Amino acid sequence: MAKMSGSRLVAEVLKGYGVTHVFFVPTILMDALAEMDGLGIQKILTHGEKAAAYMADGYARARNAPGVCLAQQIGASNLAAGLRDPFMAHTPVIAITGGPQSSWRYRHAYQEVEDFEQFAAVTKRNLYLDDLARLPDLLRQMFRTATSGAPGPVHLRIKGSQGQAIETDADLTPLVEEQFRAIPPFRPVAGAASVGAAVAMLAGAKRPVIVAGGGVVSSQAEAELVALAEKLQLPVASSLTAKGAISDHHSLSVGVCGTYSRACANRVVSEADLVFFVGTHAGGQVTTNWRIPAAGTAVIQLDIDAEELGRNYPNRVSLHGDAKATLAAMVAAAAPKSPEAAKAWTGRTREIVAEWREKAEAMRNSTAVPLRPERLCKEVTDALPGNGVLVSDTGHAGMWTGQMVDLGAGQRYIRCEGSLGWGLPGAMGVKCALPDRPVVLFTGDGGLYYHMTELETAARHRIHLVVVVNNNSSLSQEIPLVNAAYKEKRDTLSGEIWRFSKEANLAKAAEAFGCAGFRVEKPGQLAELLPRAFAMGRPVVLDCISEEQALAPTAWMPGTGGGH
């Protein structure tokens, strides 16, 4: 066995697993970063550890392969906070941090706190390295764990505030297991009996619907999803994470359901007599806090993680398997159902969707100034190239894009799972992973402010994305909560809770960071600026001045008439 430094081993292992970028705040694994220069791995120096984790998350989700983020010991807590989103999104992120020297423990070493357990809540596995000889197999464990089953982040703490413990030579051999370079590494198929039972139930139901989740996207099962839907004439709703898994223009597509949703999708799922959850935990967001579908509705569930089957709704049939492989088995087992035989239900769903579209269209074509967010979404829909990727921040950004943007076949949607501000660094990671595809971020001014300094990172590393900012100079999603709190005592002081300065010019700020910036105050400007932005070959910020009081419709619920 040849002598090799741990630093060289890390660089060669990352290269072997196909990693093209690492995202970090120094000072961490300095020798390893230097070794990466000759291996074609790009080092992305960020302005904060959370941003580094978010970039690794976006990169991993775009590539369906592990993303890597690094931080020194003092920044480890910040990196752990950044892993919250990839943990919720089931993203394979490899996180490495420095840790305390054994001889310094319990002696008030400078900048030292015990942060190891902070990673336990946001990772699939939380490891530490105390023997350099273990480095090869722990790195293999990290990639294997991150990509297998339901993917997720893993963390390794290395001794030394900068991970210096791996800088010495030892008898080390880089070991790479090829199948764990991407997700999913395995494609188990649900048992034939369960597949047959599920197909029979779907074929026999009067009002069946599929609810597709993020597992469809991570399994790359979009084609199989559509094939099953077409063969059995099944309407398809999706979680926000799975938006785009079926084209919004497909006759069987009913849109995003749940709390950030189209009213038509919630209506369809609420009327269904059988719901087929594919690659979704049926958690609170996709089910409007477990109210749609209603308790007692017949449910079939397909998931790669057996522990999720029946967690939130008792299943009539549980399918344990990979989404792509199991959906393919279902397509093969199903007898075609004629459109005529299903027209009572599919016709009903199309009526519901058409009704929603008719109501939404007026706002999507609004000429109001300040701009309506619905109009911003329409312009993004019209301008996004056929291979474009739309990235969304959370909150209002997720609500507006989930409802008002239409995506076609070949386009992708990648959303923040819950941490406002993820959008900019997340979209930068997406663009690093997909440099040849147009990437558009839709965020608000509140979301952009979190990590606006990363615009400098985008300019420095030529990460050429387009940022559309729904700028209402506020956190307007909080308006109902503020009104409820202040009641009749509402006055200018209530604005201190949710308003920002209207004097801030985000386009000029973008220019100061080395990006292109444009202030958009009239709806017609976007039709010209978006295609121009795609062609500029640099990061572009479109600062769109929008209506402060424009609130995204809340989720439709039976008996409420909510939503558009």
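Please read all numbers here as calculations on a predicted model, not as lab measurements.
- Two residues are said to be in side-chain contact when any heavy atoms from C-beta on lie closer than 4.5 Å; Val93 and Cys69 meet this criterion.
- Checking side-chain atoms of Arg134 against main-chain N and O of Asp130 turns up no donor-acceptor pair under 3.5 Å.
- Of all non-hydrogen atoms in Met36 and Ala11, the two that sit nearest each other are CG-CB, 3.9 Å.
- Aromatic pair His281/His90: ring centres closer than 6.0 Å.
- Without hydrogens or angle criteria, Lys324 side chain to Ser219 main chain gives no donor-acceptor distance under 3.5 Å.
- Rounding to the nearest 0.5 angstrom, the gap separating the CD atom in Gln411 from the CG atom in Leu384 is 4.5 Å.
- Ring planes of Tyr54 and Trp422: tilted class, angle from 30 to 60°.
- Between the side chain of His155 and the main chain of Ala95, no donor-acceptor pair closer than 3.5 Å is present.
- Between Tyr449 and Phe500, the ring-plane angle classifies as perpendicular under the 30° and 60° cut-offs.
- Taking the charged nitrogens against the carboxylate oxygens, Arg499 and Glu548 do have a contact shorter than 4.0 Å, which makes a salt bridge.
- Remark: side-chain polar atoms of Lys431 are not paired, donor with acceptor, to backbone N or O of Ala458 under 3.5 angstrom.
- Not one N or O on the side chain of Arg125 forms a donor-acceptor pair closer than 3.5 Å with the backbone of Gln141.
- Across Gly408 and Ser247, no two heavy atoms sit closer than the pair CA-OG, 3.6 Å.
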Report task. Could you go through the side chain to side chain contact (heavy atoms under 4.5 Å, CB included) check for Tyr260 and Trp400 one step at a time? Result -> CA-CA 8 Å; Tyr260 290 7; Trp400 288 123; over 6 Å; no
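- Note on Glu178 versus Arg181: salt bridge recorded, some NZ/NE/NH1/NH2 to OD/OE distance being below 4.0 Å.
- A donor-acceptor pair is defined here as one N or O able to donate and one able to accept, closer than 3.5 Å; no such pair exists between the side chain of Tyr59 and the backbone of Met428.
- Between Glu374 and Lys378, none of the side-chain N atoms (NZ, or NE/NH1/NH2) sits under 4.0 Å from a carboxylate O, so this pair counts as no salt bridge.
- In this structure, Ser238 contributes its side chain and Ala212 its backbone to no donor-acceptor pair below 3.5 Å.
- Although no hydrogens or angles enter the test, the distance criterion places no donor-acceptor pair under 3.5 Å between the side chain of Asn471 and the main chain of Cys544.
- Residues meeting the side chain to side chain donor-acceptor pair (under 3.5 Å) test with Lys508, sequence neighbours left out: none.
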Requested in this report: Evaluate the criterion side chain to side chain contact (heavy atoms under 4.5 Å, CB included) for residue pair Gln73 and Glu112; output intermediate values, then yes/no.
Outcome: CA-CA 8 Å; Gln73 180 185 359; Glu112 183 176 314; 3.4 Å; yes
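- A distance of 12.0 Å separates SG of Cys515 from CG of Leu506, quoted to the nearest 0.5 Å.
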**Report entry** CA sep, side-chain torsions, deciding dist, call: Leu139, Val10, side chain to side chain contact (heavy atoms under 4.5 Å, CB included)
**Finding:** CA-CA 8 Å; Leu139 289 174; Val10 167; 4.2 Å; yes
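- Counted by atom type alone, Thr457 and Glu454 present one or more donor-acceptor pairs between their side chains at under 3.5 Å.
- Residues Thr241 and Arg415 have side chains that bring a donor and an acceptor to within less than 3.5 angstrom of each other.
- Side-chain contact of Ser419 with Asp85: a donor-acceptor pair under 3.5 Å is present, judged by distance alone.
- Side-chain N or O atoms of Asp393 include one that pairs as donor or acceptor with a backbone N or O of Gly423 at under 3.5 Å.
- For the pair Arg8 and Glu35, the salt-bridge criterion is met [side-chain N within less than 4.0 Å of a carboxylate O].
- What you find for Val541 and Leu455 is that their closest heavy atoms are CG2-CD2, 3.8 Å.
- His21 and Cys432 get closest at one heavy-atom pair: CE1-O, 3.4 Å.
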